[in-house]
Amino acid sequence: MSKRTIYSVVAILIVIGIYGYEHFLKEEEKDEAVFEGTQVKTETNAYFLPSSTTGQVVHHDGYSLSYSETHEQAEWVAYELKKSHLSSTNHKRPYFEIDEAVKTGAAHWRNYKNSGYDRGHLCPAGDRRYTKQAHDETFLTSNISPQEHQFNSGIWNTLEQKVRYWASKYDGVFVITGGVLKEGLETIGEEQVSVPKQFYKVLIDANNGNPKMIAFLMPHQDSKKPLYEFVVSVDSIEKLTGIDFFPQLDDTIENKLEASSSYKGWSF
DNA sequence: CTGTAATGC
DNA sequence: GCATTACAG
């Protein structure tokens, strides 16, 4: 073969490659549009996604998030915890990585180094133990918030374990969680990652015809109080954060469920 | 479970 | 930077 022929073949291959790659990207986008738009709750984790106040929603395989560039962390992380997700498999802790899907640039883990605060998971690693891939995916810096170790390993951990208990008991729950982000918070690191003064968790169990919700709001400090002392209405968290939870629900149902601060139906 | 830190290559 | 080990609530 002459050099010229080889060059031609290479050129053609590159063109085919670029075309194929773009075609592939379009297919991906199309899938996602269908996924977010019309598909209902059977398989999707998009169905219960809250509104974003930042305009930057990122989807991963195991969870979705809305990233706040000003606070260098997610304003919410949302995921479904199915009963089938619960696993006792042990995985080695990987290193935290910058979430490349966050286009404004997610924070580096060095911001947390020697800050005195934990890299506190929002979507807990313990909820994604069913595969190594799902587990490791929680170690993105878009999925963490600075937390006091006493809080993280204390009452927050207790709440996360209670969520796993409910996921098992009610055959799955949908979880939305994050820190309450406001102006003027203490920050850590060069990138100024905000340290929330409160953390929230909102749950919905919609596995039968009678959906139920529960929401928790916790001060950023450990506590010996029982978990139910931290139950609040979803409405109050919406007011605090500006996030609209469950906008896809029928308004009548949404209004009724979100106004309630009762934990009837959730066994502690 | 939730994590940090020290050490060695 | 990565791997291993030790430690703490």
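First the proteins, then the strands, lettered A, B, ... as listed; each starts at 1.
- Taking the side chain to side chain contact (heavy atoms under 4.5 Å, CB included) definition, one finds that A/Lys212 meets it with A/Tyr170, A/Asp205, A/Trp266, sequence neighbours left out.
- Legend: residues meeting salt bridge (Lys or Arg N to Asp or Glu O under 4.0 Å) with A/Asp136, ordered by chain and number and at least two apart, are A/Lys132.
- Residues passing the side chain to side chain contact (heavy atoms under 4.5 Å, CB included) test with A/Asp244, sequence neighbours excluded: A/Ser51, A/Glu238, A/Pro247, A/Glu254.
- For A/Glu97, the CD atom sits in a loose shell: 12 or fewer heavy atoms of surrounding residues, nucleotides or ligands are nearer than 6.0 Å.
- Residues passing the side chain to side chain contact (heavy atoms under 4.5 Å, CB included) test with A/Thr252 are A/Asp250, sequence neighbours excluded.
- Residues that satisfy the side chain to side chain contact (heavy atoms under 4.5 Å, CB included) test with A/Asn111, not counting sequence neighbours, are A/Ala107, A/His108, A/Glu190, A/Glu191, A/Val193.
- Taking the salt bridge (Lys or Arg N to Asp or Glu O under 4.0 Å) definition, one finds that A/Arg119 meets it with nothing, sequence neighbours left out.
- By the salt bridge (Lys or Arg N to Asp or Glu O under 4.0 Å) test, A/Lys103 is found to be paired with no residue, residues two or more places apart in sequence or in another chain being considered.
- Residues satisfying the side-chain hydrogen bond (donor to acceptor under 3.5 Å, both in side chains) criterion with A/His85, sequence neighbours excluded, are A/Arg128.
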*Encode nucleotides 3-9 of chain C as B, S and - characters from 5' to 3', where the letter depends on protein heavy atoms closer than 4.0 Å: B to the base, S only to sugar-phosphate, - to neither.*
BS---BB
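- Residues satisfying the salt bridge (Lys or Arg N to Asp or Glu O under 4.0 Å) test with A/Lys224, not counting sequence neighbours, are A/Asp222.
- Put simply, chain A comes within 4.0 Å of DNA chain B, heavy atom to any atom, from B/dC1 to B/dA5, going 5' to 3'.
- Taking every heavy atom of residues 111-132 of chain A and every atom of DNA chain C, no pair lies under 4.0 Å.
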